[in-house]
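These notes concern the structure reproduced below.
Starting from 1, each residue takes its place in the sequence as its number.
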Amino acid sequence: MTVAPPPTGTPTLLVLDADPLPRLGRLTGRAKIEHTDEPGLAKRLPHADVLLVWDFTSHAVREAWPGGGPRPRWVHTASAGMDHLLCPELVASDTVVTNARGIFDQPIAEYVAALVLAMAKDLPRTWELQRERAWRHRESRKVAGTRACVVGSGPIGRAIARTLKVLDITTALVGRTPRTGVHGPDDLDRLLSRADWVIAAAPLTEQTQGMFDARRFGVMQPSARFVNVGRGQLVVEDALAEALAKRWIAGAALDVFTDEPLPADSPLWQAPGLIVSPHMSGDTVGWRDELGAQFVELYERWEAGRPLPNVVDKKRGYVPGH
């Protein structure tokens, strides 16, 4: 999609800050770069041509977005998820929104594969026993020939499916609409009932919020393990804790949560068979530099009047057509 640049003058690029700041040196002299924190966002938004949401954990844009007044022509968020950003006023506006699609796909896929192997080989228990200096022989599980159901058919879900197939795991991909190589929502329960590994990698929408509830965990096999690298709100966390406590499923790993950081008094910390990680599955060494470089490339396309990739369908909440 082409976003018209300002007709005259130097564009104002407003950055919603987070440490460390993005490296935007290539834009020196080509953009008037201003920085803001959350309290200053509402005042500065109407004067910006472009907004870079570098602090992708912030919900400030939803609260500060100007309704019918002046507003940025283009908003870019340095994240794949959009739930922190979209609000009715932004959705209804003609502002184009892009995201960081493509940066996190393979790192998250590798992280999921690592979790699958760690759970299959009982590595968490091995490390616990090592700290106890306890020599306890156990049998582990072979992953080749097992089945996985990956929920979310976007770039991240597809990367997960490709990576799991390398481990000889038969993988079914579930998306919003059925098509070649992708199952639709009507097939989900059937696939869950047969899966050894259930991977949640879907965007957060009205249709996906709370989709993994007590009924869905009840559909899964007692030997199944569940992994969420999508959004925390995909999961009814109390239902997952109960499913683990009652051994409806064999284990789980969560990298995303409804409340982040996960509160110290959350029962999830003590849930049996649960691996907790602090929203880090896509964050490899140098990931912030990649995010900054991606935005600079998009800015240069916008500056030249060329179409932008990664344009989000604001009503759906994700980049469509993939």
Review point. Quick one: side chain to side chain donor-acceptor pair (under 3.5 Å) pairs with a partner in residues 265-275, sequence neighbours left out?
Key: none

**Study point:** Salt bridge flag under 4.0 Å for residues D94 and R71
**Key:** yes

Quiz: residues 289-298 side-chain donor-acceptor pairs under 3.5 angstrom, not counting sequence neighbours:
unit_1	atom_1	unit_2	atom_2	d
Q294	NE2	R101	O	3.1

Check your understanding: Parallel, tilted or perpendicular: which fits the ring planes of W287 and F104, with parallel below 30° and perpendicular above 60°?
Key -> tilted

Practice item. Would you please name every residue forming a ring-ring contact (aromatic ring centres under 6.0 Å, His included) with Y111, sequence neighbours left out? Key: none

Check your understanding: How would you list, by chain and number, every residue that makes a side chain to side chain contact (heavy atoms under 4.5 Å, CB included) with K121, sequence neighbours excluded?
Key -> L123, S140

Review point. Ignoring hydrogens and geometry, is there a side-chain-to-backbone donor-acceptor pair from N99 to A80 under 3.5 Å?
Key: yes

Exercise for review: With sequence neighbours left out, write down each residue that passes side chain to side chain contact (heavy atoms under 4.5 Å, CB included) with E128, or none if nothing qualifies.
Suggested key: R125, R131

Check your understanding: Just by distance, do the side chain of D259 and the backbone of L262 share a donor-acceptor pair under 3.5 Å?
Key -> no

Check your understanding: Would you say the side-chain atoms of R138 pair up with the backbone N or O of D122, donor to acceptor, closer than 3.5 Å?
Key -> yes

Review point. Which residues pass the salt bridge (charged side-chain N to carboxylate O under 4.0 Å, His left out) test with R26, sequence neighbours left out?
Key: E300

Review point. What residues, two or more places apart in sequence or in another chain, satisfy salt bridge (charged side-chain N to carboxylate O under 4.0 Å, His left out) together with E34?
Key: K32, R44

Check your understanding: By salt bridge (charged side-chain N to carboxylate O under 4.0 Å, His left out), which residues pair with R194, not counting sequence neighbours?
Key -> none

Return a table of donor-acceptor pairs under 3.5 angstrom between the side chains of residues 198-209 and protein atoms on other chains or two or more places apart.
unit_1	atom_1	unit_2	atom_2	d
T205	OG1	Q207	N	3.2
T205	OG1	Q207	OE1	3.3
T205	OG1	T208	N	3.3
T205	OG1	T208	OG1	3.4
T208	OG1	P203	O	2.7
T208	OG1	T205	N	2.8
T208	OG1	T205	O	3.4

Exercise for review: Identify, with sequence neighbours excluded, every residue that meets ring-ring contact (aromatic ring centres under 6.0 Å, His included) alongside Y299.
Suggested key: W302

Exercise for review: Using a strict cut-off of less than 4.0 Å between a Lys/Arg side-chain nitrogen and an Asp/Glu carboxylate oxygen, indicate whether D187 and R190 qualify as a salt bridge.
Suggested key: yes

Pairs of donor and acceptor atoms involving the side chains of residues 240-248, under 3.5 Å and at least two apart or interchain, shall be tabulated with distances.
unit_1	atom_1	unit_2	atom_2	d
E242	OE2	K246	NZ	2.6

Check your understanding: Residues two or more places apart in sequence or in another chain: which of them pass side chain to side chain donor-acceptor pair (under 3.5 Å) with D196?
Key -> R141

